[in-house]
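The structure appears right after this line, and notes come after that.
We name chains A, B, ... by the order of the sequence lines, and we start the count at 1 in each one.
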Number of protein chains: 2
Amino acid sequence: MSDTRGYHHGDLRRTLLTAAVQAIEESGPAALSLRDLARRAGVSHAAPAHHFGDRAGLFTAIAVQGFDTLAAALAEAGDELLDLGVAYVEFAVRHRAHFEVMFHPDLHRADDAELRAARERSGAVLRAGLAHRSARPEPAADGPQGDVLAAWSIVHGFATLWLAGALPAGLGEDPGAAARSVIRHLFTPAAGTD
Amino acid sequence: MSDTRGYHHGDLRRTLLTAAVQAIEESGPAALSLRDLARRAGVSHAAPAHHFGDRAGLFTAIAVQGFDTLAAALAEAGDELLDLGVAYVEFAVRHRAHFEVMFHPDLHRADDAELRAARERSGAVLRAGLAHRSARPEPAADGPQGDVLAAWSIVHGFATLWLAGALPAGLGEDPGAAARSVIRHLFTPAAGTD
DNA sequence: CGGCAATCTTGACAGCGACAAGATTTGCGG
DNA sequence: CCGCAAATCTTGTCGCTGTCAAGATTGCCG
């Protein structure tokens, strides 16, 4: 089904997408080359342009795929704010190529209709999960968005710093566990070990 | 002093650096071209290579400059954890080109000696400021690094999301003020207006 | 079965980073 | 003041890249 049989490839778009994600995970988005992608897929150098139009179009498609995957991961994580945050960080680490492309507007086409929709979808899942958070019953004073923003910031920052290799070495190998202990500082300021 | 007089430019390195920062602020790091930089400085296309060796070398120099500027900004911000965090976010927004390059290891040369030193310098300022934080006297249970990590994560995440344009529109124009209300969630979980 | 749209190829062009070799200038020892 | 070495910048070139245009091949639908 995904074999390169004859003139038409048959499944070139999906093949290029997975090859692109793998290449980004290996060498970062900047080093990604459409021609190299075509080479890996055993296809002529101009073939990718037909499916994505553009280098930015390819990144846009990756971002869309990323937001959908994130939405699914968050939906599966449950309603606890803590678990939601851990799932966010684990998504970022397990799909670092998607994550990096998703939050770099200068790579993809940020106003793309399909991308807007996917981003809105994952945002809705996030807000739905945060709506009946059990860890913090009393609403914050700076509006309902205040603590959502704080939670989003702390998990996004932790994930970004982890991926950038900027965090100290003593955190271990499990980003989810490390994130859990960090996120806890949001509700229980003076304790992180439970 | 910074004039292009004759065969030797006289101040080409600094000129290229500022031109690079401006170009990155306009179109992002990915679109930066050494040849375009040379053109802006009125210099031949291979001149930048002599000062930075490489495209990665240029980004490394920018990152070094960024960490030094950040260290200065943090040192000037005072000892309060809150003010420290606000200064961090304001630095990221005011020097977004530096900030983006600093935390993208695939752009610069992360093991560069001068870069290591600059990063360590700014890290020391951050830790010094956090050492006698007044807003939270009691130590966290998961070691002294726990709350430092939480604070760093929340400000870094907020700054990153702000720069990515991912935050909702209702936050106003002042990132420092918005950051202040978000950071407050770290110590006072149920209030953010005070 | 015929034609049409989708898909892929071939070819070309300008721009890019990197390297090598040469030109020019500065600075420093004598 | 001279001359030479090092620093700085230029010119030329190479392979690679993204993008566009035009043609070849295939699947599909009437």
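Base contact: B:Ala47 has a heavy atom under 4.0 Å from a base atom.
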Discussion item. One character per nucleotide, please: for nucleotides 12-17 of chain D, 5' to 3', B when the base has a protein heavy atom closer than 4.0 Å, S when only the sugar-phosphate does, - otherwise.
Written reply: BB---B

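To the nearest 0.5 angstrom, B:Phe52 atom CZ is 8.0 Å from B:Leu37 atom CG.
The distance from atom CG of A:Asp54 to atom C1' of D:dG18 is 8 Å, rounded to the nearest whole Å. The CG atom of A:Asp11 sits 15 Å away from the C1' atom of C:dA6 (whole-angstrom rounding). If you measure from atom NE2 of A:His51 to atom P of D:dT19, you get 16 Å, rounded to the nearest angstrom. Atom pair B:Phe52:CZ and D:dA7:P shows a separation of 17 Å (rounding to whole Å applied). Between the NE2 atom of A:His50 and the P atom of C:dA6 there is a distance of 8 Å, given to the nearest Å.
Sequence neighbours left out, the pairs with a member in residues 23-52 of chain A that pass salt bridge (charged side-chain N to carboxylate O under 4.0 Å, His left out) are A:Glu26-A:Arg40, A:Asp36-A:Arg39, A:Asp36-A:Arg40. Annotation: salt bridge (charged side-chain N to carboxylate O under 4.0 Å, His left out) contacts involving residues 153-170 of chain B, sequence neighbours excluded, are absent.
Residues A:Phe99 and A:Thr160 are in side-chain contact: their nearest non-hydrogen atoms beyond the backbone lie under 4.5 Å apart.
A donor-acceptor pair is defined here as one N or O able to donate and one able to accept, closer than 3.5 Å; such a pair exists between the side chain of A:Arg96 and the backbone of A:Leu163. Using modelled atom types, one side-chain atom of B:Thr60 and one backbone atom of B:Arg109 make a donor-acceptor pair closer than 3.5 Å.
Checking C:dT7, C:dT9, D:dC9 against every side-chain atom of B:Leu12, the shortest atom distance belongs to D:dC9.
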